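Please read these numbers as outputs of a predicted model, since none were measured by experiment.
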Amino acid sequence: QVQLVESGGGKVQAGGSLRLSCAASGRTFSSNPMGWFRQAPGKEREFVATISRSGLTTYYADSVKGRFTISRDNDKNTVSLQMNSLKPEDTAIYYCAARTARVPSTRVLDYDYWGQGTQVTVSS
């Protein structure tokens, strides 16, 4: 069982930055590929970024590529999402997720554990 708790959300003006963190419980954190997803009002949950177990492989949605960076610290059981050059269209609830399979995925259905989410609001 893995429990995930996100933090770091908030309100920021367009062009600003935020750093989201996700703290994971469990001794097997390093064996879980991790992902960040987001859900805007009235829209489906969508992929943002994912990172491999070692942290050496990452994938990003085209909409955030070059602006967001995902990273992880397996000693501290945390995964982070650094978000720069934020845009109003980045406004959403951001979720941290873990999957038990060995490789990262961009699909919502491939993830087994989810945090409660943290709100990010970007004003123009």
Check for me whether R72 meets the cation-pi criterion with F29, that is, NZ or CZ under 6.0 Å from the six-membered ring centre and within 45 degrees of the ring axis. yes
Is the count of non-hydrogen atoms from other residues, nucleotides or ligands lying under 6.0 Å from E46 atom CD greater than 12? yes
When every non-hydrogen atom of P88 is compared with those of S124, the smallest separation belongs to CG-CB, 3.9 Å
What do you reckon, is OH of Y113 surrounded by more than 12 foreign heavy atoms closer than 6.0 Å? yes
Can you confirm whether L18 sits close enough to V120 that some side-chain heavy atom of one is under 4.5 Å from a side-chain heavy atom of the other? yes
Any heavy-atom pair between the side chains of S52 and P33 that's under 4.5 Å? no
Can the positive tip of R45 be found less than 6.0 Å from the middle of the six-membered ring of Y95, inside 45° of the ring normal? yes
Going through the distances and angles, do T78 and D73 end up as a side chain to side chain donor-acceptor pair (under 3.5 Å)? CA-CA 5 Å; T78 59; D73 186 333; 5.0 Å; no
Given side chains that start at C-beta, do those of V103 and R99 come closer than 4.5 Å, heavy atoms only? yes
So Y94 and R38, side chain to side chain donor-acceptor pair (under 3.5 Å) or not? Walk me through it. CA-CA 4 Å; Y94 283 71; R38 66 187 182 187; 2.9 Å; yes
Does the side chain of S17 come within less than 4.5 Å of M83's, by heavy atoms? no
Sub-4.5 Å side-chain heavy-atom contact between I93 and T118: no
Carefully, step by step, assess V108 and F47 under the rule side chain to side chain contact (heavy atoms under 4.5 Å, CB included). CA-CA 7 Å; V108 170; F47 167 73; over 6 Å; no
Kindly say whether K11 contributes a backbone atom to a donor-acceptor pair with the side chain of T121 at under 3.5 angstrom? no
Could you state whether Y111 and Y59 fall into the same hydrophobic cluster, counting links through intermediate Ile, Leu, Val, Met, Phe, Trp or Tyr residues with side-chain heavy atoms under 4.5 angstrom apart? yes
Quick one: pull up OG1 in T58 and NZ in K65 and give me the separation to the nearest 0.5 Å. 9.5 Å
Between N84 and F68, is any pair of side-chain heavy atoms under 4.5 Å apart? no
Under 3.5 Å: donor-acceptor pair, side chain of E6, backbone of C96: yes
So if I apply the side-chain contact (heavy atoms from CB on, under 4.5 Å) rule between Y60 and each of T69, T50, T106, which one comes out positive? T69
In this structure, which one of Q82, R19, M34 forms a side-chain contact (heavy atoms from CB on, under 4.5 Å) with S71? R19
Gap between atom CZ of R53 and atom OG of S30 - 0.5 Å precision: 8.5 Å
Can a salt bridge be assigned to the pair D90 and K87 using a cut-off of 4.0 Å between side-chain N and carboxylate O? no
Atom of A24, atom of V2 and distance for their closest heavy-atom approach: CB-CG1, 4.5 Å
Verify side chain to side chain donor-acceptor pair (under 3.5 Å) between S105 and D110, making sure each step is shown before the conclusion. CA-CA 7 Å; S105 173; D110 285 345; 2.5 Å; yes
Over all heavy atoms of both residues, which pair between A92 and A40 is shortest? Give the atoms and the distance, please. CB-N, 3.8 Å
CG/N32 to CD1/I51 distance, rounded to the nearest 0.5 angstrom? 12.5 Å
So OG of S25 and CG of L4: to nearest 0.5 Å the spacing works out to 7.0 Å
Measuring from Q13:CD to S123:OG, what's the distance to the nearest 0.5 Å? 5.0 Å
Is it true that F37 and W114 have ring centroids separated by less than 6.0 Å? yes
